[in-house]
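Following: one structure in structure tokens, then a few remarks.
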Amino acid sequence: MPDQDVVDLLTAQHEEITSLFAQLRAGHEAKQDVFTDLVRLLVVHESAEEEVVHPVAGRARFGADDEVVKPRLAEENEAKRTLSELYDLGVDHPDFDAKLAAFADAVAEHAAHEEAEEFTLLRAQYSSTQLRRMAGSVRAAEAVAPTRPHPHAGESAVANLLAGPPLALFDRARDAVRDWRSKQDL
């Protein structure tokens with residue numbers, strides 16, 4: 001949506017993430033597919049935030065980087081590790097549901113912090129035009145972001161810009177093969 005600003009875009013993604021967690025908790029019949037969608041959305045979303053949103057929020061006012069952004073980056077780095085563990089564990093593992101529930105709670109808390117602190121700061125410091133442009137930057141970053149968690153790649157904008165495109169290429173090739181195999185019933 002061209003008129004959507006960055007806060008609306010990311011808040012809508014937070015709602016989509018919450019919905020996917022709810023489907024997994026409810027025992028959705030296509031559990032693996034829902035989890036795959038969740039992994040992809042979370043990784044792409046966080047990568048774009050790290051490249052675009054957090055650096056801008058950190059510059060929005062003095063101290064925002066230490067008070068608002070650094071805690072979010074630490075949470076996102078931990079989320080990458082946990083998501084990678086869940087991915088490796090697999091949806092059929094007996095510990096998956098309990099680990100997923102704890103992870104869902106951590107993600108919900110992270111999103112609440114972003115919405116209350118970072119997004120409020122962005123709305124206060126930037127014009128609606130700037131926020132709409134930022135949404136375009138987020139969409140562009142998402143288009144070239146990895147689709148799987150890579151916890152050792154780092155959580156900074158620089159790390160995402162350097163490691164993101166090669167990892168994204170590899171991930172998207174793996175996704176294409178996986179999708180082809182599933183259509184072939186292999």
Side-chain angles (χ1 to χ4, degrees), residues 6-7 9-25 28 30-57 69-91 93 96 99-115 118-119 134-179 181-182:
V6 70
V7 173
L9 171 65
L10 296 175
T11 302
Q13 289 178 354
H14 286 174
E15 291 168 5
E16 187 177 351
I17 289 164
T18 299
S19 173
L20 291 169
F21 275 124
Q23 289 176 46
L24 287 167
R25 284 180 166 168
H28 194 279
K31 188 175 188 177
Q32 181 60 58
D33 292 339
V34 173
F35 182 65
T36 299
D37 290 346
L38 175 68
V39 168
R40 186 180 195 297
L41 179 56
L42 279 170
V43 171
V44 166
H45 173 87
E46 295 303 338
S47 181
E49 282 184 339
E50 291 167 5
E51 282 181 42
V52 178
V53 179
H54 299 325
V56 171
V69 176
K70 283 186 181 177
R72 300 303 73 81
L73 289 171
E75 292 164 0
E76 289 169 5
N77 197 36
E78 180 59 31
K80 285 179 192 176
R81 283 192 203 95
T82 304
L83 192 57
S84 182
E85 290 169 10
L86 283 165
Y87 186 83
D88 291 344
L89 200 61
V91 297
H93 192 280
F96 180 84
K99 289 181 185 273
L100 181 76
F103 179 61
D105 291 343
V107 169
E109 186 175 326
H110 170 77
H113 283 291
E114 282 183 340
E115 291 173 13
E118 198 166 9
F119 295 177
M134 211 194 290
S137 296
V138 165
R139 285 187 194 97
E142 289 176 342
V144 296
T147 61
R148 288 187 171 69
H150 296 280
H152 303 294
E155 71 275 355
S156 71
V158 173
N160 276 294
L161 289 170
L162 292 175
L167 291 172
L169 187 62
F170 180 72
D171 289 350
R172 290 166 197 272
R174 285 177 58 190
D175 293 346
V177 170
R178 181 202 62 229
D179 292 348
R181 281 185 178 161
S182 70

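One is the number of the first residue; the rest follow in order along the sequence.
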Q: Using the side-chain contact (heavy atoms from CB on, under 4.5 Å) rule, take Arg40 and Thr36 through it: C-alpha gap first, then chi angles, then the decisive distance, then the call.
A: CA-CA 6 Å; Arg40 186 180 195 297; Thr36 299; 5.7 Å; no

Q: With side-chain contact (heavy atoms from CB on, under 4.5 Å) as the test, would you mind laying out the steps for Val43 and Tyr87 before giving the verdict?
A: CA-CA 12 Å; Val43 171; Tyr87 186 83; over 6 Å; no

Q | Short N-O contact, Asp105 and Arg25, less than 4.0 angstrom | A | yes

Q. Does the pair Arg72/Glu75 count as a salt bridge with the N-to-O cut at 4.0 Å?
A. yes

Q) Taking the side chain as C-beta and beyond, is there a heavy-atom pair between Glu49 and Glu118 under 4.5 Å? A) no

Of the non-hydrogen atoms in [X] and [Y], which two are nearest, and what is the gap between them?
X	Y	answer
Val34	Leu20	CG1-O, 3.7 Å
Phe21	Ala104	CD2-CB, 3.4 Å
Leu9	Ala135	CD2-O, 3.9 Å

Atom [atom1] in [X], atom [atom2] in [Y]: separation rounded to 0.5 Å?
X	Y	atom1	atom2	value
Glu85	Lys99	CD	NZ	6.5 Å
Glu46	Leu41	CD	CG	9.0 Å
Leu89	Leu83	CG	CG	11.5 Å
Phe35	Gln23	CZ	CD	13.5 Å
Ile17	Asp37	CD1	CG	12.0 Å
Leu38	Leu100	CG	CG	7.0 Å

Q: Assess whether atom CD of Glu115 is packed by more than 12 heavy atoms of other residues, nucleotides or ligands within 6.0 Å.
A: yes

Q. For the residue pair His14 and Phe119, does the interplanar ring angle fall in the parallel (under 30°), tilted (30 to 60°) or perpendicular (over 60°) class?
A. parallel

Q: Only counting residues at least two apart or in another chain, list the ones meeting ring pair (Phe, Tyr, Trp, His ring centres under 6.0 Å) with His110.
A: none

Q: Could you go through the side-chain contact (heavy atoms from CB on, under 4.5 Å) check for Glu114 and Val53 one step at a time?
A: CA-CA 10 Å; Glu114 282 183 340; Val53 179; over 6 Å; no

(Q) Pairing donors with acceptors under 3.5 angstrom, does anything connect the side chains of Glu142 and Gln13? (A) yes

Q. Do Glu16 and His45 have side-chain N/O donor and acceptor atoms under 3.5 Å apart?
A. no

Q: Walk me through it: do Lys31 and Phe96 pass the test side-chain contact (heavy atoms from CB on, under 4.5 Å)?
A: CA-CA 11 Å; Lys31 188 175 188 177; Phe96 180 84; 3.8 Å; yes

